[in-house]
Amino acid sequence: MEFGLNEEQLMIQQTARDFAQTEIAPTAIERDKNAVFPTEIVKKLGELGFMGMMVNPKYDGAGMDTVSYVLAMIEISKVDASVGVIMSVNNSLVTFGLERWGSEFIKEKYLKPLARGEKLGAFALSEPEAGSDATQQKTMAEKDGDHWVLNGMKNWITNGKSADYYIVMAQTDKEKRHKGITAFLVEKGTPGFDHGVKEDKLGIRSSDTCSLSFTNCRVPEENIIWEVGKGFYFAMNTLNGGRYGIASQAVGIAEGAYEVALKYSLERKAFNTEIFNHQAIQFKLSDMAVKVDAAKLLTLRAAALKDAGKDYIKEASMAKLFASEAAVHCALEAVQIHGGYGYVREYQVERYLRDAKVTEIYEGTSEIQRMIIARMIKNEVQ
Ligand code: CAA
(Lines give C-alpha, C1' and ligand atoms only; values in the text may rest on other atoms or scores of the structure.)
Protein backbone atom coordinates (compact mmCIF):
# COMPACT_ATOMS: atom_id res chain seq x y z
CA MET A 1 0.00 0.00 0.00
CA GLU A 2 1.34 3.42 -0.92
CA PHE A 3 0.45 6.36 1.27
CA GLY A 4 3.24 8.64 0.17
CA LEU A 5 5.42 7.50 3.06
CA ASN A 6 8.66 9.42 3.36
CA GLU A 7 12.09 7.88 3.92
CA GLU A 8 12.05 8.41 7.66
CA GLN A 9 8.63 6.79 8.01
CA LEU A 10 9.74 3.81 5.93
CA MET A 11 12.87 3.47 8.04
CA ILE A 12 10.86 3.48 11.29
CA GLN A 13 8.49 0.89 9.82
CA GLN A 14 11.45 -1.33 8.90
CA THR A 15 13.07 -0.90 12.32
CA ALA A 16 9.80 -1.90 14.01
CA ARG A 17 9.39 -4.86 11.65
CA ASP A 18 12.91 -6.14 12.34
CA PHE A 19 12.54 -5.68 16.08
CA ALA A 20 9.16 -7.41 16.09
CA GLN A 21 10.47 -10.40 14.15
CA THR A 22 13.73 -10.88 16.04
CA GLU A 23 12.94 -9.76 19.59
CA ILE A 24 9.19 -10.18 20.08
CA ALA A 25 7.94 -13.04 17.89
CA PRO A 26 10.14 -15.86 19.26
CA THR A 27 8.73 -15.62 22.80
CA ALA A 28 5.16 -14.47 22.05
CA ILE A 29 3.47 -17.87 22.42
CA GLU A 30 5.12 -18.61 25.75
CA ARG A 31 4.36 -15.18 27.18
CA ASP A 32 0.74 -15.49 26.09
CA LYS A 33 0.43 -18.99 27.54
CA ASN A 34 1.89 -18.04 30.92
CA ALA A 35 0.60 -14.45 30.96
CA VAL A 36 4.11 -13.07 31.44
CA PHE A 37 4.66 -9.31 31.14
CA PRO A 38 7.34 -8.50 28.50
CA THR A 39 9.60 -6.46 30.79
CA GLU A 40 12.81 -6.81 28.74
CA ILE A 41 11.01 -6.09 25.46
CA VAL A 42 9.45 -2.91 26.86
CA LYS A 43 12.90 -1.81 28.04
CA LYS A 44 14.31 -2.33 24.53
CA LEU A 45 11.34 -0.50 22.97
CA GLY A 46 12.29 2.42 25.20
CA GLU A 47 15.88 2.31 23.93
CA LEU A 48 14.54 2.43 20.36
CA GLY A 49 12.52 5.54 21.22
CA PHE A 50 9.24 3.67 20.77
CA MET A 51 7.77 4.45 24.20
CA GLY A 52 7.65 8.20 23.65
CA MET A 53 7.57 8.27 19.88
CA MET A 54 5.75 11.56 19.34
CA VAL A 55 7.15 13.44 22.34
CA ASN A 56 9.35 16.44 21.56
CA PRO A 57 13.09 15.65 22.05
CA LYS A 58 13.08 18.59 24.51
CA TYR A 59 11.24 16.19 26.84
CA ASP A 60 13.40 13.21 25.87
CA GLY A 61 10.96 11.85 23.27
CA ALA A 62 11.81 10.64 19.77
CA GLY A 63 10.05 13.56 18.03
CA MET A 64 8.48 11.34 15.37
CA ASP A 65 5.17 12.01 13.66
CA THR A 66 1.88 10.19 14.23
CA VAL A 67 2.07 8.33 10.91
CA SER A 68 5.38 6.79 12.02
CA TYR A 69 3.79 5.81 15.33
CA VAL A 70 0.93 4.07 13.51
CA LEU A 71 3.37 2.21 11.25
CA ALA A 72 5.43 1.03 14.22
CA MET A 73 2.33 0.00 16.19
CA ILE A 74 1.11 -2.10 13.25
CA GLU A 75 4.41 -3.98 12.94
CA ILE A 76 4.65 -4.67 16.68
CA SER A 77 0.98 -5.71 17.04
CA LYS A 78 1.23 -7.98 14.03
CA VAL A 79 3.42 -10.33 16.04
CA ASP A 80 2.19 -9.53 19.56
CA ALA A 81 -0.83 -7.37 20.34
CA SER A 82 0.01 -7.47 24.07
CA VAL A 83 3.22 -5.56 23.42
CA GLY A 84 1.18 -3.32 21.11
CA VAL A 85 -1.25 -2.24 23.81
CA ILE A 86 1.50 -1.60 26.36
CA MET A 87 3.22 0.65 23.83
CA SER A 88 -0.05 2.31 22.80
CA VAL A 89 -1.08 3.25 26.35
CA ASN A 90 2.32 4.76 27.14
CA ASN A 91 2.41 6.73 23.88
CA SER A 92 -1.21 7.72 23.25
CA LEU A 93 -2.87 7.84 26.64
CA VAL A 94 0.03 8.90 28.84
CA THR A 95 2.90 10.79 27.20
CA PHE A 96 0.69 12.53 24.62
CA GLY A 97 -1.61 13.95 27.30
CA LEU A 98 1.19 14.93 29.67
CA GLU A 99 3.06 16.79 26.95
CA ARG A 100 -0.06 18.61 25.80
CA TRP A 101 -1.63 19.45 29.17
CA GLY A 102 0.96 18.79 31.89
CA SER A 103 2.74 21.59 33.78
CA GLU A 104 6.49 22.11 33.28
CA PHE A 105 6.96 20.43 36.68
CA ILE A 106 5.06 17.34 35.50
CA LYS A 107 6.91 17.27 32.19
CA GLU A 108 10.33 17.44 33.86
CA LYS A 109 9.58 14.98 36.62
CA TYR A 110 7.27 12.46 34.94
CA LEU A 111 7.08 12.92 31.17
CA LYS A 112 10.84 12.70 30.57
CA PRO A 113 11.41 9.24 32.14
CA LEU A 114 8.18 7.99 30.53
CA ALA A 115 9.31 9.22 27.12
CA ARG A 116 12.72 7.59 27.57
CA GLY A 117 10.92 4.32 28.35
CA GLU A 118 12.56 4.11 31.78
CA LYS A 119 9.20 4.41 33.48
CA LEU A 120 5.85 3.02 32.38
CA GLY A 121 2.51 4.80 32.47
CA ALA A 122 -1.14 3.84 32.92
CA PHE A 123 -4.42 5.69 32.33
CA ALA A 124 -7.18 5.19 34.88
CA LEU A 125 -10.63 6.37 33.82
CA SER A 126 -12.87 3.25 33.93
CA GLU A 127 -14.53 2.22 37.18
CA PRO A 128 -16.76 -0.68 38.27
CA GLU A 129 -19.79 1.52 37.53
CA ALA A 130 -18.34 3.91 34.95
CA GLY A 131 -17.23 2.25 31.72
CA SER A 132 -18.83 3.59 28.55
CA ASP A 133 -20.66 6.20 30.63
CA ALA A 134 -17.41 7.77 31.73
CA THR A 135 -18.91 10.87 33.34
CA GLN A 136 -20.21 8.71 36.25
CA GLN A 137 -16.94 8.80 38.19
CA LYS A 138 -17.25 7.63 41.80
CA THR A 139 -13.61 8.03 42.75
CA MET A 140 -13.51 11.17 44.89
CA ALA A 141 -10.70 13.62 45.57
CA GLU A 142 -11.01 16.12 48.42
CA LYS A 143 -8.66 19.00 49.01
CA ASP A 144 -6.66 18.97 52.24
CA GLY A 145 -4.09 21.76 52.45
CA ASP A 146 -1.65 21.43 49.58
CA HIS A 147 -2.73 17.83 48.89
CA TRP A 148 -5.79 16.04 47.50
CA VAL A 149 -7.07 12.89 49.18
CA LEU A 150 -8.26 10.18 46.77
CA ASN A 151 -10.76 7.43 47.63
CA GLY A 152 -12.29 4.95 45.18
CA MET A 153 -11.68 2.17 42.66
CA LYS A 154 -10.60 1.93 39.03
CA ASN A 155 -11.13 -1.07 36.76
CA TRP A 156 -9.58 -2.65 33.65
CA ILE A 157 -6.39 -0.63 33.81
CA THR A 158 -3.82 -1.64 31.20
CA ASN A 159 -0.27 -1.66 32.69
CA GLY A 160 -2.14 -1.61 36.02
CA LYS A 161 0.46 -3.71 37.82
CA SER A 162 3.64 -2.81 35.98
CA ALA A 163 3.25 0.95 35.62
CA ASP A 164 5.22 3.45 37.67
CA TYR A 165 3.03 6.51 37.03
CA TYR A 166 -0.77 6.54 36.79
CA ILE A 167 -3.06 9.21 35.40
CA VAL A 168 -6.16 9.01 37.58
CA MET A 169 -9.45 10.78 36.93
CA ALA A 170 -11.43 11.64 40.08
CA GLN A 171 -14.48 13.67 40.98
CA THR A 172 -13.50 16.88 42.77
CA ASP A 173 -16.95 18.48 42.62
CA LYS A 174 -19.86 16.07 42.19
CA GLU A 175 -22.40 18.82 41.63
CA LYS A 176 -20.66 19.78 38.40
CA ARG A 177 -20.82 16.29 36.83
CA HIS A 178 -18.16 16.03 34.11
CA LYS A 179 -17.04 19.61 34.75
CA GLY A 180 -16.11 18.56 38.29
CA ILE A 181 -13.66 15.82 37.27
CA THR A 182 -9.90 16.34 37.69
CA ALA A 183 -6.88 14.36 36.43
CA PHE A 184 -4.09 13.50 38.89
CA LEU A 185 -0.65 11.97 38.41
CA VAL A 186 -0.23 9.29 41.08
CA GLU A 187 3.07 7.52 41.68
CA LYS A 188 3.26 3.81 42.41
CA GLY A 189 4.07 3.35 46.09
CA THR A 190 2.03 6.33 47.29
CA PRO A 191 0.51 5.24 50.62
CA GLY A 192 -3.15 4.28 50.22
CA PHE A 193 -2.73 3.34 46.55
CA ASP A 194 -2.67 -0.31 45.51
CA HIS A 195 -3.48 -2.53 42.55
CA GLY A 196 -5.53 -5.72 42.50
CA VAL A 197 -4.51 -9.07 41.02
CA LYS A 198 -3.80 -9.32 37.32
CA GLU A 199 -7.00 -10.21 35.45
CA ASP A 200 -7.02 -13.67 33.82
CA LYS A 201 -7.98 -12.54 30.32
CA LEU A 202 -9.12 -14.17 27.08
CA GLY A 203 -6.52 -12.29 25.03
CA ILE A 204 -3.62 -9.81 25.24
CA ARG A 205 -2.60 -12.07 28.08
CA SER A 206 0.96 -10.91 28.49
CA SER A 207 -0.14 -7.34 29.14
CA ASP A 208 -1.37 -6.75 32.65
CA THR A 209 -4.84 -5.47 33.41
CA CYS A 210 -5.78 -4.71 37.02
CA SER A 211 -8.13 -2.82 39.23
CA LEU A 212 -6.68 0.01 41.33
CA SER A 213 -7.76 1.08 44.80
CA PHE A 214 -7.35 4.41 46.58
CA THR A 215 -7.86 4.68 50.34
CA ASN A 216 -7.06 8.11 51.76
CA CYS A 217 -4.31 8.38 49.17
CA ARG A 218 -2.65 11.82 49.40
CA VAL A 219 -1.54 13.37 46.12
CA PRO A 220 0.28 16.72 46.00
CA GLU A 221 -1.51 19.66 44.38
CA GLU A 222 1.35 20.02 41.88
CA ASN A 223 0.40 16.61 40.43
CA ILE A 224 -2.85 17.94 38.99
CA ILE A 225 -2.79 17.67 35.20
CA TRP A 226 -4.11 20.71 33.29
CA GLU A 227 -6.35 22.19 36.05
CA VAL A 228 -9.11 21.36 38.51
CA GLY A 229 -12.32 20.48 36.65
CA LYS A 230 -10.59 19.69 33.34
CA GLY A 231 -10.13 15.95 33.93
CA PHE A 232 -12.99 14.79 31.72
CA TYR A 233 -11.85 16.98 28.84
CA PHE A 234 -8.33 15.70 29.39
CA ALA A 235 -9.58 12.09 29.25
CA MET A 236 -11.72 12.64 26.14
CA ASN A 237 -9.01 14.46 24.21
CA THR A 238 -6.44 11.88 25.20
CA LEU A 239 -8.74 9.04 24.17
CA ASN A 240 -9.14 10.63 20.73
CA GLY A 241 -5.44 9.90 20.33
CA GLY A 242 -5.72 6.50 21.98
CA ARG A 243 -8.24 5.47 19.38
CA TYR A 244 -5.86 5.61 16.42
CA GLY A 245 -3.38 3.73 18.63
CA ILE A 246 -5.87 0.88 19.15
CA ALA A 247 -6.88 1.12 15.49
CA SER A 248 -3.21 0.50 14.60
CA GLN A 249 -3.07 -2.43 17.00
CA ALA A 250 -6.18 -3.87 15.31
CA VAL A 251 -4.69 -3.34 11.83
CA GLY A 252 -1.61 -5.26 12.99
CA ILE A 253 -3.76 -8.17 14.21
CA ALA A 254 -5.85 -8.18 11.02
CA GLU A 255 -2.80 -8.08 8.78
CA GLY A 256 -0.96 -10.72 10.80
CA ALA A 257 -3.97 -13.08 10.62
CA TYR A 258 -4.40 -12.42 6.89
CA GLU A 259 -0.75 -13.07 6.07
CA VAL A 260 -0.54 -16.39 7.94
CA ALA A 261 -3.83 -17.50 6.37
CA LEU A 262 -2.64 -16.59 2.86
CA LYS A 263 0.66 -18.42 3.36
CA TYR A 264 -1.10 -21.50 4.73
CA SER A 265 -3.60 -21.55 1.88
CA LEU A 266 -0.75 -21.65 -0.64
CA GLU A 267 0.89 -24.60 1.13
CA ARG A 268 -1.94 -26.77 2.38
CA LYS A 269 -3.46 -29.17 -0.13
CA ALA A 270 -7.00 -30.59 -0.23
CA PHE A 271 -8.81 -32.26 -3.11
CA ASN A 272 -5.53 -32.48 -5.10
CA THR A 273 -4.71 -28.79 -5.04
CA GLU A 274 -3.56 -26.00 -2.72
CA ILE A 275 -6.61 -24.82 -0.81
CA PHE A 276 -6.03 -21.31 -2.18
CA ASN A 277 -7.31 -22.61 -5.51
CA HIS A 278 -10.75 -23.28 -4.05
CA GLN A 279 -13.06 -20.36 -4.60
CA ALA A 280 -14.43 -20.63 -1.04
CA ILE A 281 -10.96 -19.84 0.29
CA GLN A 282 -10.19 -17.17 -2.36
CA PHE A 283 -13.31 -15.24 -1.39
CA LYS A 284 -12.34 -15.28 2.26
CA LEU A 285 -8.82 -14.06 1.50
CA SER A 286 -10.06 -11.36 -0.87
CA ASP A 287 -12.40 -10.00 1.79
CA MET A 288 -9.58 -10.09 4.34
CA ALA A 289 -7.21 -8.24 1.98
CA VAL A 290 -9.79 -5.51 1.39
CA LYS A 291 -10.51 -5.08 5.11
CA VAL A 292 -6.81 -4.91 6.01
CA ASP A 293 -6.16 -2.23 3.41
CA ALA A 294 -9.26 -0.20 4.24
CA ALA A 295 -8.49 -0.34 7.98
CA LYS A 296 -4.91 0.72 7.36
CA LEU A 297 -5.93 3.61 5.13
CA LEU A 298 -8.50 4.89 7.64
CA THR A 299 -5.93 4.70 10.44
CA LEU A 300 -3.22 6.45 8.43
CA ARG A 301 -5.72 9.13 7.45
CA ALA A 302 -6.54 9.87 11.11
CA ALA A 303 -2.81 10.03 11.90
CA ALA A 304 -2.04 12.25 8.90
CA LEU A 305 -4.84 14.64 9.89
CA LYS A 306 -3.38 14.93 13.37
CA ASP A 307 0.10 15.54 11.95
CA ALA A 308 -1.38 18.29 9.75
CA GLY A 309 -2.94 19.94 12.82
CA LYS A 310 -6.48 19.23 11.59
CA ASP A 311 -9.52 17.76 13.39
CA TYR A 312 -9.32 14.00 13.62
CA ILE A 313 -11.86 12.96 16.30
CA LYS A 314 -14.41 11.48 13.89
CA GLU A 315 -11.70 9.92 11.73
CA ALA A 316 -9.99 8.34 14.76
CA SER A 317 -13.32 6.81 15.85
CA MET A 318 -14.01 5.59 12.30
CA ALA A 319 -10.55 4.02 12.14
CA LYS A 320 -10.93 2.32 15.51
CA LEU A 321 -14.42 1.04 14.72
CA PHE A 322 -13.54 -0.35 11.31
CA ALA A 323 -10.11 -1.72 12.21
CA SER A 324 -11.29 -3.53 15.33
CA GLU A 325 -14.15 -5.21 13.46
CA ALA A 326 -11.75 -6.05 10.62
CA ALA A 327 -9.37 -7.64 13.14
CA VAL A 328 -12.10 -9.89 14.55
CA HIS A 329 -13.28 -10.81 11.04
CA CYS A 330 -9.79 -11.59 9.72
CA ALA A 331 -8.82 -13.58 12.82
CA LEU A 332 -12.02 -15.66 12.63
CA GLU A 333 -11.47 -16.38 8.94
CA ALA A 334 -7.81 -17.23 9.54
CA VAL A 335 -8.91 -19.85 12.08
CA GLN A 336 -11.47 -21.22 9.61
CA ILE A 337 -8.90 -21.43 6.79
CA HIS A 338 -6.52 -23.31 9.10
CA GLY A 339 -9.26 -25.74 10.17
CA GLY A 340 -8.24 -27.81 13.20
CA TYR A 341 -4.73 -26.31 13.12
CA GLY A 342 -6.28 -22.91 13.67
CA TYR A 343 -7.84 -24.08 16.89
CA VAL A 344 -4.63 -25.05 18.70
CA ARG A 345 -2.10 -22.79 20.36
CA GLU A 346 0.92 -24.01 18.40
CA TYR A 347 -0.13 -22.30 15.17
CA GLN A 348 -0.66 -18.85 16.74
CA VAL A 349 -3.84 -18.26 14.75
CA GLU A 350 -6.15 -18.68 17.74
CA ARG A 351 -4.13 -15.99 19.55
CA TYR A 352 -5.04 -13.45 16.86
CA LEU A 353 -8.71 -14.21 17.51
CA ARG A 354 -8.40 -13.93 21.29
CA ASP A 355 -6.37 -10.72 21.00
CA ALA A 356 -8.66 -9.15 18.39
CA LYS A 357 -11.83 -9.20 20.50
CA VAL A 358 -10.71 -6.62 23.04
CA THR A 359 -10.06 -4.00 20.36
CA GLU A 360 -13.86 -3.79 19.99
CA ILE A 361 -14.15 -3.13 23.72
CA TYR A 362 -11.39 -0.98 25.22
CA GLU A 363 -10.75 2.74 24.66
CA GLY A 364 -14.43 3.06 23.70
CA THR A 365 -16.52 0.09 22.56
CA SER A 366 -17.69 -0.19 18.94
CA GLU A 367 -21.08 1.06 20.16
CA ILE A 368 -19.45 4.19 21.65
CA GLN A 369 -17.52 4.80 18.41
CA ARG A 370 -20.80 4.61 16.45
CA MET A 371 -22.32 7.06 18.92
CA ILE A 372 -19.42 9.51 18.50
CA ILE A 373 -19.53 9.22 14.70
CA ALA A 374 -23.32 9.69 14.66
CA ARG A 375 -23.08 12.85 16.77
CA MET A 376 -20.41 14.26 14.49
CA ILE A 377 -22.12 13.52 11.18
CA LYS A 378 -25.30 15.10 12.56
CA ASN A 379 -23.35 18.24 13.50
CA GLU A 380 -21.89 18.38 10.00
CA VAL A 381 -25.33 18.82 8.42
CA GLN A 382 -26.75 21.21 11.02
N1 CAA B 1 -13.16 14.89 22.43
C2 CAA B 1 -13.20 16.07 23.11
N3 CAA B 1 -14.22 16.43 23.91
C4 CAA B 1 -15.25 15.58 24.03
C5 CAA B 1 -15.27 14.34 23.36
C6 CAA B 1 -14.18 14.02 22.52
N7 CAA B 1 -14.12 12.85 21.86
N8 CAA B 1 -16.42 13.70 23.67
C9 CAA B 1 -17.09 14.49 24.52
N10 CAA B 1 -16.39 15.63 24.73
C11 CAA B 1 -16.79 16.77 25.57
C12 CAA B 1 -18.08 17.37 25.01
O13 CAA B 1 -17.79 18.37 24.04
C14 CAA B 1 -18.76 17.93 26.24
O15 CAA B 1 -18.22 19.20 26.53
P16 CAA B 1 -19.15 20.41 27.13
O17 CAA B 1 -19.97 19.83 28.25
O18 CAA B 1 -18.19 21.45 27.56
O19 CAA B 1 -20.03 20.85 25.99
C20 CAA B 1 -18.31 16.98 27.34
O21 CAA B 1 -17.12 16.30 26.87
C22 CAA B 1 -19.36 15.94 27.71
O23 CAA B 1 -19.69 15.29 26.51
P24 CAA B 1 -21.09 14.62 26.27
O25 CAA B 1 -22.17 15.53 26.75
O26 CAA B 1 -21.12 14.18 24.85
O27 CAA B 1 -21.03 13.39 27.28
P28 CAA B 1 -21.80 12.02 27.22
O29 CAA B 1 -21.80 11.53 28.61
O30 CAA B 1 -23.09 12.16 26.52
O31 CAA B 1 -20.88 11.07 26.28
C32 CAA B 1 -18.89 9.86 25.67
C33 CAA B 1 -19.51 11.07 26.34
C34 CAA B 1 -18.37 10.27 24.31
C35 CAA B 1 -19.83 8.69 25.50
C36 CAA B 1 -17.77 9.47 26.64
O37 CAA B 1 -18.30 9.15 27.91
C38 CAA B 1 -16.91 8.34 26.13
O39 CAA B 1 -16.05 8.54 25.28
N40 CAA B 1 -17.10 7.12 26.70
C41 CAA B 1 -16.22 6.01 26.45
C42 CAA B 1 -15.14 6.02 27.47
C43 CAA B 1 -13.95 5.21 27.06
O44 CAA B 1 -13.49 5.28 25.93
N45 CAA B 1 -13.41 4.47 28.03
C46 CAA B 1 -12.22 3.72 27.82
C47 CAA B 1 -11.28 3.96 28.97
S48 CAA B 1 -9.56 3.71 28.69
C49 CAA B 1 -9.37 2.07 28.55
O50 CAA B 1 -9.97 1.45 27.75
C51 CAA B 1 -8.42 1.35 29.48
C52 CAA B 1 -7.07 1.10 29.01
O53 CAA B 1 -6.19 1.07 29.83
C54 CAA B 1 -6.75 0.79 27.56
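Numbers here are sequence positions counted from 1.
Electrostatic pairing of Glu333 and Lys284 counts as a salt bridge here, judged by a charged N lying under 4.0 Å from a carboxylate O. Using a 4.0 Å cut-off between a side-chain N of Lys or Arg and a carboxylate O of Asp or Glu, Glu40 and Lys44 do not qualify as a salt bridge. Salt-bridge annotation for Asp32 and Arg354: present, with a side-chain N of the basic residue lying under 4.0 Å from a carboxylate O of the acidic one. Salt bridge status for Asp293 with Lys296: absent, with no side-chain N to carboxylate O gap under 4.0 Å. Between Glu199 and Lys201 no salt bridge is recorded (no basic side-chain N to carboxylate O distance below 4.0 Å). Using a 4.0 Å cut-off between a side-chain N of Lys or Arg and a carboxylate O of Asp or Glu, Arg31 and Asp80 qualify as a salt bridge. Between Asp355 and Arg205 there is no salt bridge, since none of the side-chain N atoms of the basic residue sits less than 4.0 Å from a carboxylate O of the acidic one. For the pair Lys291 and Glu255, the salt-bridge criterion is not met [side-chain N within less than 4.0 Å of a carboxylate O].
Within the 4.5 Å cutoff, side-chain heavy atoms of Glu259 are placed close to those of Lys78. Between Glu221 and Ile224 the shortest side-chain heavy-atom distance falls below 4.5 Å. Considering only heavy atoms from C-beta on, Ile24 comes within 4.5 Å of Phe19 through its side chain. Residues Val79 and Gln21 are in side-chain contact: their nearest non-hydrogen atoms beyond the backbone lie under 4.5 Å apart. Side-chain contact between Ser211 and Met153 is present, with heavy atoms from C-beta onward closer than 4.5 Å. Side-chain contact between Gln14 and Leu10: absent, with no pair of heavy atoms (C-beta onward) separated by less than 4.5 Å. Counting only heavy atoms from C-beta outward, the side chains of Leu353 and Lys357 never approach each other to under 4.5 Å. The shortest distance between side-chain heavy atoms of Leu321 and Met318 does not fall below 4.5 Å.
Under a cutoff of 6.0 Å and an axis angle of 45°, Lys230 and Phe234 do not form a cation-pi pair.
Asn159 contributes atom CG, which lies 12.5 Å from atom CZ of Phe123 (distance to the nearest 0.5 angstrom). The OG atom of Ser103 lies 10.0 Å from the CD atom of Glu108; values are rounded to the nearest 0.5 Å. Interatomic distance, Arg17 CZ to Ile76 CD1, rounded to the nearest 0.5 Å: 11.0 Å. Taking OG of Ser206 as the reference point, atom CD of Glu30 lies at 11.5 Å (rounded to 0.5 Å).
For the residue pair Thr139 / Glu127, a side-chain donor-acceptor distance below 3.5 Å is found, with atom types taken as modelled. Using a 3.5 Å distance cut-off with no hydrogens or angles, the side chains of Tyr110 and Asp164 do not pair a donor with an acceptor. With 3.5 Å as the limit, one finds a donor-acceptor pair spanning the side chains of Tyr69 and Ser92. Checking Ser162 against Asp208 by side-chain atom types alone, a donor-acceptor pair falls below 3.5 Å. Using modelled atom types, one finds a donor on one side chain and an acceptor on the other under 3.5 Å when comparing Tyr59 with Glu104. Side-chain polar atoms of Ser207 and Ser82 form no donor-acceptor pair below 3.5 angstrom.
Atom NZ of Lys161 has 12 or fewer heavy atoms from other residues, nucleotides or ligands within 6.0 Å. Within a 6.0 Å sphere centred on CD of Gln282, heavy atoms belonging to other residues, nucleotides or ligands number more than 12. Enclosure of atom NZ in Lys143 by more than 12 non-hydrogen atoms of other residues, nucleotides or ligands within 6.0 angstrom is indicated.
Both Leu93 and Ile225 belong to a single network of hydrophobic side chains, linked directly or stepwise wherever heavy atoms of I, L, V, M, F, W or Y lie under 4.5 Å apart. Side-chain heavy atoms closer than 4.5 Å link hydrophobic residues (I, L, V, M, F, W, Y) into clusters, and following such links, even through other members, never connects Met140 to Ile181. When hydrophobic clusters are built by joining Ile, Leu, Val, Met, Phe, Trp and Tyr residues whose side-chain heavy atoms come closer than 4.5 Å, directly or via intermediates, Leu298 is not grouped with Val292. At a threshold of 4.5 Å between side-chain heavy atoms, the hydrophobic network of Ile, Leu, Val, Met, Phe, Trp and Tyr places Met376 and Met236 in two separate groups.
Relative ring orientation between Tyr264 and His338 is described as parallel, the plane-to-plane angle staying below 30° on a 0-90° scale split at 30° and 60°. Ring planes of Trp226 and Tyr233: perpendicular class, angle over 60° (limits at 30 and 60°). Between Phe193 and Phe214, the ring planes lie parallel to each other; the angle is under 30°, not in the 30° to 60° tilted range.
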Self-check item: Criterion side-chain hydrogen bond (donor to acceptor under 3.5 Å, both in side chains) on Ser77 and Gln249, from CA distance to verdict
Solution: CA-CA 5 Å; Ser77 304; Gln249 184 201 25; 5.2 Å; no
Self-check item: Check against salt bridge (Lys or Arg N to Asp or Glu O under 4.0 Å), Arg243 and Glu363
Solution: CA-CA 6 Å; Arg243 284 165 187 157; Glu363 299 197 24; over 6 Å; no
Exercise. Determine, step by step, whether Lys43 and Glu23 satisfy the salt bridge (Lys or Arg N to Asp or Glu O under 4.0 Å) criterion, reporting the C-alpha distance in whole Å, the side-chain angles of both residues, the deciding distance to 0.1 Å, and the verdict.
Key: CA-CA 12 Å; Lys43 195 165 154 246; Glu23 304 277 347; over 6 Å; no
